[in-house]
Structures are given as structure tokens and as C-alpha cells.
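Given the structure is predicted, the values throughout are model-derived calculations rather than measurements. Every chain is numbered from 1 and lettered A, B, ... according to where its sequence line falls, protein lines coming before strand lines.
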Amino acid sequence: MSIGLEHYLILSAILFSIGLYGALAKRNAIVILMSIEIMLNAVNIAMVAFSRYIVPLLLTGQVFVIFIIVVAAAEAAVGLAIIIAIYRSRETIDATKIDLMKW
Amino acid sequence: MGLEIAFWILAVIGIGAALAVVLLRDIFRAALCLVLSFLTIAGIYITLSADFLAAVQVLIYVGAIGILIILAIMLTRDVQRGSLSNKLRIPAFVIAILFLGAVVFAMINTPWQLAGVAPLEPTTPALAGKLFGEKGFILPVEIAAVLLLAAILGAIVLVREK
């Protein structure tokens with residue numbers, strides 16, 4: 001059985017679900033950020049697969065992936081800086097204990 | 001035939017590494033598994049004949065973001081407590097499974113309009129034309145540069161000692 005678009009899409013869906021579970025269920029803020037990176041990568045796989053199988057000569061999906069990678073890099077830098085700043089002031093990065101603005 | 005074998009190996013290793021990121025107690029090992037997962041995704045890009053993106057994935061995700069995450073783990077000393085789950089563990093699991101089921105159902109039942117043309121190879125000149133050429137994405141490229149500059153400045157301001 002040859003590999004088609006559906007294989008890549010299902011791989012992307014599985015990775016996205018793993019990242020979703022991690023982002024919802026973890027306490028450590030860095031692990032939450034790592035799960036978000038997994039979700040972004042899953043979306044990138046879907047984008048490249050669409051680009052490869054539906055518009056192979058236009059490469060639009062790959063251009064989108066480049067911009068997603070740019071935004072993800074910026075997000076990782078700012079997110080980790082925020083986590084380190086929170087750790088400096090509160091001595092913890094447990095997401096359940098960072099509840100200063102919780103109602 | 002080689003493509004199929006490569007896809008299955010990369011997919012199994014990638015999903016296993018991603019599961020290890022979520023399930024391992026040791027945060028440092030989870031970060032290393034994340035790097036492994038990024039590497040297998042670079043391999044997946046190669047099987048999709050996206051050579052430039054595979055190189056970018058290795059450079060930015062494996063190189064930059066992997067090191068950034070490991071550095072952040074070293075700067076915060078919650079490592080000893082391990083990667084714990086919060087109270088929402090079971091609802092989160094149920095939601096993830098339901099989401100997976102819905103998305104896979106939708107993906108399998110959609111009649112995709114496959115082109116059936118061999119992919120463009122190598123992709124780098126075509127991507128450069130798309131990004132910088134006539135009627136390309138030159139405005140988003142400029143905005144991305146400004147965004148990166150703002151992110152770097154923001155990160156420096158946030159972590160600077162008062």
C-alpha cells in the first residue's frame with residue numbers, strides 16, 4: 001500500500017492530539033510550551049502534505065510553513081523569557097500555582 | 001518502496017518521541033525526546049520532497065528552539081519535581097481522543113482533489129521566487145523580520161536583571 005495524503009494527515013492529527021493532551025494536562029510551564037511546539041509541528045506536516053499532494057507546483061503550503069516557523073521561533077523566545085521572569089519573581093513555574101490573575 | 005519504509009519508521013519514532021515528551025517524568029529527557037521528534041519531522045519533510053524545509057527544520061527547531069528549551073529548563077529549578085499532571089488529566093485525555101477521532105473521520109471522508117503531478121524538485125529556487133519575486137510574499141517577509149526583531153527585544157527586556 002503506497003503512502004498517500006491521508007497517511008500524512010493522520011500522522012499530523014495524532015501528533016496534534018498528543019500536543020493537545022500535553023498542553024491541557026501538564027503542570028510545568030516549560031512542558032506546556034513543548035507541547036505547543038509539537039502542535040505547531042503537526043500543523044506544519046499537514047501544510048506540507050497538502051502542498052505536496054494537492055498543489056505540487058505552487059508550493060503555497062511550504063511558504064506558509066516558513067512563516068509558521070518564524071512565528072513559532074518568536075513565540076518560543078518570548079514564552080521562555082516570560083517563564084524565566086515568572087520563575088525569578090515567584091520561584092515556581094507550576095502553571096496551577098501561577099494564579100495571581102485568576103478570578 | 002523505500003519511501004514507504006522511511007515514512008513508517010519516521011512516523012513511529014516521531015509519535016513515540018512525542019508521547020515520551022508528554023508522558024516522561026524527567027523534564028530534561030522530555031526535552032531531548034522533543035528534539036528527536038523534531039528530527040523525525042525533518043525526515044518526514046524529506047519524504048514529502050520539501051528539502052529546503054527539512055534543512056530549516058533542523059536549523060531552527062533542532063538547533064535553536066531545542067537549545068532554548070534546554071537552557072530554560074536549566075535556568076528554572078523545577079526539574080527535580082518532574083513533569084507532573086494537573087487535576088484535568090482524564091478530561092484532557094478524553095478531549096484529545098475525541099478531537100483525534102473527529103479529525104481523522106473528517107480527513108478520511110473528505111474527497112481530496114489530488115493533483116497527481118510529480119512534485120517540484122529542488123524546491124529552494126521556487127521558494128525564493130515565491131518569497132521575494134513578483135507578486136510574491138515580500139510584504140509578509142518584511143513583517144516577519146519586524147516580528148522577529150520585536151520578539152528578540154521583548155525577550156531581552158523580559159529576562160534582564162532589574
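Within the 4.5 angstrom heavy-atom criterion, atoms from both the backbone and the side chain of Ala30(B) approach chain A. Heavy atoms closer than 4.5 Å to chain A are found in both the backbone and the side chain of Phe93(B). Both the backbone and the side chain of Val70(A) come within contact range of chain B, with heavy atoms under 4.5 Å apart. For chain B, the nearby parts of Leu9(A) are the backbone and the side chain; heavy atoms of each come within less than 4.5 Å. Leu34(B) touches chain A through its side chain: at least one heavy atom from C-beta onward sits under 4.5 Å away, while N, CA, C and O do not. If you measure heavy-atom distances from Ala31(B) to chain A, the contacts under 4.5 Å come from both the backbone and the side chain. Within the 4.5 angstrom heavy-atom criterion, only side-chain atoms of Ile60(B), from C-beta onward, approach chain A. The contact between Ile65(B) and chain A is made entirely by side chain atoms (from C-beta outward), counting heavy-atom distances below 4.5 Å. Contacts between Leu19(B) and chain A at a heavy-atom distance below 4.5 Å involve backbone atoms as well as side-chain atoms. Of the atoms belonging to Tyr53(A), heavy atoms from both backbone and side chain fall under 4.5 Å from chain B.
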Inset, instruction - Before giving the answer on side-chain contact (heavy atoms from CB on, under 4.5 Å), spell out for Leu3(B) and Ile3(A) the whole-Å C-alpha distance, their side-chain angles and the decisive distance to 0.1 Å. - result: CA-CA 8 Å; Leu3(B) 200 68; Ile3(A) 302 294; 5.6 Å; no
Legend entry - Criterion side-chain contact (heavy atoms from CB on, under 4.5 Å) on Ile66(A) and Val56(B), from CA distance to verdict: CA-CA 8 Å; Ile66(A) 290 175; Val56(B) 166; 5.7 Å; no
Legend entry - Leu48(B) and Tyr8(A): CA distance, side-chain angles, deciding distance, side-chain contact (heavy atoms from CB on, under 4.5 Å) verdict: CA-CA 9 Å; Leu48(B) 284 165; Tyr8(A) 288 102; 3.6 Å; yes
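Across every non-hydrogen atom of Val103(B) and Ala13(A), the tightest pair is CG1-CB, 3.9 Å. The minimum heavy-atom distance between Met107(B) and Ile10(A), with the atom names listed, is SD-N, 4.3 Å. For Leu20(A) against Ala96(B), the heavy-atom pair with the smallest separation is CD2-CA, 4.1 Å. The two residues Ala92(B) and Tyr21(A) make their nearest non-hydrogen contact at C-CD1, 3.9 Å.
Listed by chain and number, the residues in a side chain to side chain contact (heavy atoms under 4.5 Å, CB included) with Pro91(B) are Leu88(B) (sequence neighbours excluded). Every residue meeting the side chain to side chain contact (heavy atoms under 4.5 Å, CB included) condition with Ala72(B), not counting sequence neighbours, appears here in chain and number order: Ile30(A), Leu80(A), Ile84(A). By the side chain to side chain contact (heavy atoms under 4.5 Å, CB included) test, Ile5(B) is found to be paired with Met1(B), Ile9(B), residues two or more places apart in sequence or in another chain being considered.
Here Gln62(A) is the residue among Glu6(A), Gln62(A), Glu37(A) with the most heavy-atom pairs under 4.5 Å with chain B. Chosen from Ile38(A), Ile83(A), Leu33(A), the residue pairing most often with chain B at heavy-atom distances under 4.5 Å is Ile38(A). Options Ala74(A), Ala85(A), Gly4(A) differ in how many heavy-atom pairs under 4.5 Å they form with chain B, and the most are formed by Ala74(A). Contacts with chain A were tallied for Leu71(B), Val159(B), Ile152(B), Val21(B); Val159(B) has the most, counting heavy-atom pairs under 4.5 Å. Between chain B and the options Ile14(A), Ile18(A), Thr60(A), Leu5(A), the largest number of non-hydrogen pairs under 4.5 Å is found for Ile18(A). Contact tally against chain B (heavy-atom pairs below 4.5 Å) for Ile54(A), Val71(A), Val55(A), Leu57(A): the top residue is Ile54(A). Between chain A and the options Leu114(B), Ile108(B), Ile95(B), heavy-atom pairs under 4.5 Å are most frequent for Leu114(B). Highest contact tally toward chain B, considering only Ala72(A), Ala76(A), Ala25(A), Gly19(A), is held by Ala25(A) [criterion: heavy-atom pairs under 4.5 Å].
Residue-level contacts of residues 133-143 of chain B with chain A, in order of numbering, are Phe137(B), Pro140(B), Val141(B); threshold 4.5 Å between heavy atoms.
Under a cut-off of 6.0 angstrom, the local environment of CZ in Arg29(B) is sparse, with at most 12 non-hydrogen atoms contributed by other residues, nucleotides or ligands.
Side-chain atoms of Ile45(A) and Ile41(B), non-hydrogen and from C-beta on, do get closer than 4.5 Å to each other. Side-chain atoms of Asn44(A) and Tyr61(B), non-hydrogen and from C-beta on, do get closer than 4.5 Å to each other. You'll find the side chain of Gln57(B) reaches within 4.5 Å of the side chain of Asn41(A), heavy atoms only. Counting only heavy atoms from C-beta outward, the side chains of Asn28(A) and Thr76(B) never approach each other to under 4.5 Å. Using a 4.5 Å heavy-atom cutoff, the side chains of Ser85(B) and Arg27(A) are not in contact. For the pair Phe7(B)/His7(A), a side-chain contact is recorded, criterion being any heavy-atom separation below 4.5 Å from C-beta on. Leu53(B) has its side chain within reach of Val48(A): a pair of non-hydrogen atoms, C-beta onward, lies under 4.5 Å apart.
Without hydrogens or angle criteria, Lys26(A) side chain to Val22(B) main chain gives a donor-acceptor distance under 3.5 Å.
A continuous path of hydrophobic side-chain contacts links Leu68(B) to Met39(A) [ILVMFWY only; heavy atoms under 4.5 Å]. Connection of Ile97(B) to Phe99(B) is established within a shared hydrophobic cluster, with ILVMFWY side chains joined at heavy-atom distances below 4.5 Å, either directly or through further cluster members. Linking ILVMFWY residues whenever their side-chain heavy atoms come closer than 4.5 Å, directly or via other members, places Phe38(B) and Leu32(B) in the same cluster. Hydrophobic clustering places Phe16(A) together with Ile15(B) (ILVMFWY residues linked when any side-chain heavy atoms are closer than 4.5 Å, directly or through intermediates). Under a hydrophobic clustering in which Ile, Leu, Val, Met, Phe, Trp and Tyr are joined whenever their side-chain heavy atoms come within less than 4.5 Å, directly or via other members, Val63(A) and Leu148(B) fall into different clusters.
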